[in-house]
Visitor: 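Would you mind keeping the following structure in view while I ask a few things?
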There are 2 protein chains.
Amino acid sequence: METNAETAAERKCPIETVIQLLGGKWKPLILWHLLDAAKRFSELEKLIPEVTQKMLAQHLRELEADKLVTRTIYPSVPPKVEYALSDYGKTMVPVLETMCAWGENHNRLSSRPIAQAIAPV
Amino acid sequence: METNAETAAERKCPIETVIQLLGGKWKPLILWHLLDAAKRFSELEKLIPEVTQKMLAQHLRELEADKLVTRTIYPSVPPKVEYALSDYGKTMVPVLETMCAWGENHNRLSSRPIAQAIAPV
DNA sequence: AGTCATGCTTACTTTTAAGTAAGTGCCCTA
DNA sequence: TAGGGCACTTACTTAAAAGTAAGCATGACT
């Protein structure tokens, strides 16, 4: 994918970085649900009914690989696995909150045909 | 796509809203370049050399449809078209800045294998 | 022996996003 | 009359993301 000389760091816009970490159809929602407390796989399934197990597992694994989320296995039976924001993930909370605040406002202003918000066109 | 009863507003996570607006391979970069000043099509092409005209046009049209960006045509010849953050788009600046700040920090900490940042794994 | 729950994985299909390359319309300058 | 600059479109191809459906391992409970 990176075929030319410049490194990712040199030309990458930091906004893109965040979007890449959060981009993925279910990641914002997953993080959103982890904001208040750790959740197990089956809880997330219930909280996000439209997500398939495959996508939930895949996105959780990606969030884990990106160090935003931790995965803790309790050796009980039936198995219990808990997902939580990592310390590093918590550093992103202010970002998520800022996004939330804007997003809420935006949703209020425009549900569907997006925004006829401020400007008196 | 929306086949069941609940409305988008009811179940949409506000973070998702922001990501949907910014999601698109070139949108963060476009916005990033519009932060300081309005730019014309050809300027954006030069600033983002990897983008194709098709994608640049498409993403600009989407940003315009979302009211984040304005498009001003100057009836000169050859044509001149300027893209700028709308007033509404400017309300997103703090969000973009927060994301930038985190993203920069993240990029610094981890160029490539992502983040061994805080937690002493 | 059969069923249940949990937390997944795998193989395959469909959908969506992005990229390629060529073309358009305008008027201006050489 | 020919070519150039600007700001795009259009038709088509490719690649990436998401979805579907089924299967698996463990051990407990009946």
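Order of the sequence lines sets the chain letters (A, B, ...), proteins ahead of strands, with each chain counted from 1.
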Visitor: Enumerate, atom names and distances included, each donor-acceptor pair closer than 3.5 Å involving a side-chain atom of residues 33-41 of chain B, sequence neighbours excluded.
Guide:
| from | atom 1 | to | atom 2 | distance (Å) |
| --- | --- | --- | --- | --- |
| B:D36 | OD1 | B:K39 | NZ | 3.2 |
| B:K39 | NZ | B:H33 | O | 2.6 |
| B:R40 | NH2 | B:P79 | O | 3.4 |

Visitor: Roughly, in whole Å, what's the span from CD in B:Q58 to P in D:dA7?
Guide: 19 Å
Visitor: OP1 or OP2 of C:dT6 sitting under 4.0 Å from any side-chain N/O of A:R40?
Guide: no
Visitor: Round to the nearest Å and state the distance from B:K80 atom NZ to D:dG5 atom P.
Guide: 18 Å
Visitor: Indicate for each nucleotide in nucleotides 23-30 of chain C, in 5' to 3' sequence, whether protein heavy atoms under 4.0 Å reach the base (B), only the sugar-phosphate (S), or nothing (-).
Guide: ----SS--
Visitor: In whole angstroms, how far is the P atom of D:dA7 from the NZ atom of B:K39?
Guide: 14 Å
Visitor: If you find the nucleotide of DNA chain C closest to A:F41 and the one closest to B:H59, which residue's nucleotide is nearer the 5' end?
Guide: A:F41
Visitor: Counting the atoms with a prime plus P, OP1 and OP2 as sugar-phosphate, which does A:Y83 contact under 4.0 Å by heavy atoms, base, sugar-phosphate, or nothing?
Guide: sugar-phosphate
Visitor: Could you tell me how far apart B:I19 (CD1) and C:dT16 (C1') are, to the nearest whole angstrom?
Guide: 17 Å
Visitor: Calculate the interatomic distance between A:E62 atom CD and C:dT9 atom P; express it in whole Å.
Guide: 12 Å
Visitor: Is there a side-chain polar atom (N or O) of A:R61 under 4.0 Å from OP1 or OP2 of C:dT9?
Guide: yes
Visitor: To the nearest angstrom, how far is B:M55 atom CE from C:dA21 atom P?
Guide: 16 Å
Visitor: Would you say A:S42 places a side-chain N or O within less than 4.0 Å of OP1 or OP2 belonging to C:dG7?
Guide: yes
Visitor: Can you tell me how far P of C:dA18 sits from CD1 of B:I30, to the nearest Å?
Guide: 11 Å
Visitor: Starting at NZ of B:K54 and ending at C1' of D:dC12, how long is that distance when rounded to a whole Å?
Guide: 9 Å
Visitor: Does this structure show an ion pair linking B:E62 with B:K27, if we count only N-O contacts that are shorter than 4.0 Å?
Guide: yes
Visitor: Please determine if a side-chain N or O atom of B:K25 lies less than 4.0 Å away from the OP1 or OP2 oxygen of C:dG19.
Guide: yes
Visitor: Would you check if B:K80 and B:I73 make a side-chain contact, meaning some heavy-atom pair closer than 4.5 Å?
Guide: no
Visitor: Can you sort out the partners of B:W102 under ring pair (Phe, Tyr, Trp, His ring centres under 6.0 Å), two or more places apart, ordered by chain and number?
Guide: A:Y88, B:H106
